[in-house]
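Right, one structure below, let's go through it.
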2 protein chains.
Amino acid sequence: MSDLSELEGAVLGILWSDGPQTAYAIRTRFRKSPSSHFSGSAGAIYPLVERITKVGLVKAVATSRGKRSSTSYELTENGCMALQNWVVPVKDWMAAVEFDPIRTRVHFLGSLDSDQQDRFLHEAMTKLEAEVKATKKLVSELATSKDNWRTWGARGALAVLQARMEWVRAIIDSLATDGAGTS
Amino acid sequence: MSDLSELEGAVLGILWSDGPQTAYAIRTRFRKSPSSHFSGSAGAIYPLVERITKVGLVKAVATSRGKRSSTSYELTENGCMALQNWVVPVKDWMAAVEFDPIRTRVHFLGSLDSDQQDRFLHEAMTKLEAEVKATKKLVSELATSKDNWRTWGARGALAVLQARMEWVRAIIDSLATDGAGTS
DNA sequence: CCGCTCATGTAACTGGTTACATGATTTA
DNA sequence: TAAATCATGTAACCAGTTACATGAGCGG
């Protein structure tokens, strides 16, 4: 295992934080995750689990839910070490400016007429507000749980969302007072 | 052209904002861009430019730099409309929480011992500080330019970086006072 | 004239995605 | 008993990447 991908690291992390579970459960975790850009597609998860089993980061154990039997996966000692080594050295690219489709589009807002610019900015605000609201709810739900790190994760998501929202608001305000940009 | 990809939209946008230029120049623009998660790889740009030429969003024009001749690409009427239609309807996923490798790792920080947690958080702070500094510089450089939208773009990047930085600082602070999280 | 940048491309790979297929078990 | 969920997979695709190859013009 040269270097774990982001998805591989995340899978090990889930196995570490939530304990042994089926590939299906891992998949569901990604699908229901509000934040993640991973879809939890079967085509990604099942081969991945097979792969990390083969190299011994994870161990298959037979489990059953009622009458239904299935295979759960458990983090091994090696897997736990691999997780730690995946987390800890912060690479430069991890701190880099993230991809933001709204920001990308703002660069080219000058190609639109004033009405369309307004429409874009207000739509963006509305969507961001909805995300902020949902994330705030998540944070408050998690706050009562025992998993502080997960709460911090949600707080991070919230902080970024709010920053984006205030930034869009600033553009709207400046447009209202100064008028449009160039080009 | 069913729907433009992010890269396709961005290429049209560059052609709109910076005028006709060679595929190589577009490539360089991405490579030197501080933010973008696109590498500007030849294997992406050249086929892409060919594709959008074929469907008439862009028009090839012969140009020369000194004795060196090359092909520049110019936005067509159709291309400009395609750009506008790519920008304007804000889809839900555009406002979603972005991918952040630092945040992902924070979720699993409980798997590390206290020293390693500290190391991670301080490394993250250092890298984020460096990014913030560079982005601040960029913003102030752009502020004197005529391209207001580009300046807003950089400001957006800065806002998000600062939010991430303050979030990491908050974790460090809370760790210093309360002690560690669970698990 | 030698190395750098400009300029254009292609082949193999990567790390995921969608969509499909299948079947057992549980729940309404 | 029908529909939903649990569970496991595979095949085709996608939008990018890295790495390689090639050649011309330009500046020291």
Side-chain angles (χ1 to χ4, degrees), chain A residues 1-12 18 20-33 36-55 58 60-73 86 91 93 96 98-99 101 104, chain B residues 1-12 18 20-33 36-55 58 60-73 86 91 93 96 98-99 101 104:
Chain A
M1 215 93 223
S2 46
D3 255 351
L4 297 175
S5 73
E6 289 300 295
L7 185 55
E8 284 165 344
V11 166
L12 292 186
D18 295 7
Q21 58 200 283
T22 65
Y24 180 82
I26 296 170
R27 227 157 95 53
T28 310
R29 181 83 142 71
F30 282 110
R31 279 208 312 275
K32 307 231 165 138
S33 165
S36 198
H37 81 301
F38 294 118
S39 75
S41 45
I45 299 299
Y46 286 101
L48 184 153
V49 166
E50 204 186 316
R51 205 159 58 241
I52 61 178
T53 304
K54 215 168 291 179
V55 294
V58 130
V61 289
T63 45
S64 53
R65 279 254 275 182
K67 196 166 285 184
R68 177 147 39 202
S69 70
S70 57
T71 312
S72 280
Y73 297 87
W86 174 76
K91 306 286 171 62
W93 63 267
E98 303 153 21
F99 172 65
T104 306
Chain B
M1 217 94 222
S2 45
D3 256 350
L4 297 175
S5 72
E6 289 301 296
L7 185 55
E8 283 165 343
V11 166
L12 292 185
D18 296 8
Q21 58 201 281
T22 65
Y24 180 83
I26 296 171
R27 227 156 96 52
T28 311
R29 182 82 143 69
F30 282 110
R31 280 208 311 277
K32 307 231 165 136
S33 166
S36 197
H37 81 300
F38 294 117
S39 75
S41 45
I45 299 299
Y46 286 101
L48 185 153
V49 165
E50 204 186 315
R51 205 159 57 240
I52 60 178
T53 303
K54 214 168 291 178
V55 294
V58 131
V61 287
T63 44
S64 53
R65 281 252 275 183
K67 198 166 282 183
R68 179 145 41 201
S69 70
S70 57
T71 311
S72 280
Y73 297 87
W86 173 76
K91 306 288 171 62
W93 63 267
E98 303 154 20
F99 172 65
T104 305

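From a predicted model like this one, the values you see are computed outputs, not experimental measurements. Values below: every heavy atom of this structure, side chains too, minus hydrogens, waters and symmetry copies. Order of the sequence lines fixes the chain letters, A, B, ..., with proteins taken first and strands second; residue numbering starts at 1 for each chain.
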| note | Between A:Glu8 and A:Asp3, the two heavy atoms sitting closest are OE1-O, 4.0 Å
Please list, for nucleotides 8-15 of chain D, all pairs of protein and nucleotide N/O atoms separated by less than 3.5 Å.
from	atom 1	to	atom 2	distance (Å)
D:dT8	OP1	A:Thr71	N	3.1
D:dT10	O4	A:Gly43	N	3.4

| message | Counting only heavy atoms from other residues, nucleotides and ligands, does the tally under 6.0 Å from CZ of B:Arg31 exceed 12? | response | yes
| task | Identify, between A:His37 and A:Gly66, the residue whose nearest nucleotide on DNA chain C lies closer to the 5' end. | result | A:His37
| message | If the cut-off is 4.0 Å, is A:Thr28 near the phosphate of D:dC6, judged by side-chain N/O to OP1 or OP2? | response | no
| said: Can you measure A:Arg31 atom CZ to C:dT17 atom C1' for me and round it to whole angstrom units? | reply: 14 Å
| Spacing of A:Asp3 atom CG relative to C:dG15 atom C1', expressed in whole Å | 14 Å
| field | Rounded distance in Å - CD (A:Gln21) to P (D:dT5) | value | 19 Å
| request: Take the protein atom CD1 of A:Ile26 and the nucleotide atom C1' of D:dC6, then report the distance between them rounded to whole Å. | output: 14 Å
| request: Return the minimal non-hydrogen interatomic distance between B:Ser72 and B:Thr63, and the atom names on each side. | output: OG-OG1, 3.0 Å
| How close do B:Leu7 and B:Ala44 get, heavy atom to heavy atom, and via which atoms? | CD2-CB, 4.0 Å
| What does B:Ser41 touch in the nucleic acid at a heavy-atom separation under 4.0 angstrom: a base, only the sugar-phosphate, or nothing? | base
| query | Between B:Arg68 (CZ) and C:dT5 (C1'), how many Å, whole number? | reply | 7 Å
| task | Not counting sequence neighbours, which residues clear side-chain contact (heavy atoms from CB on, under 4.5 Å) with B:Glu6? List them please. | result | A:Phe99, A:Pro101, A:Arg105, B:Phe38, B:Trp86, B:Trp93
| query | To the nearest angstrom, how far is A:Arg29 atom CZ from D:dA7 atom C1'? | reply | 19 Å
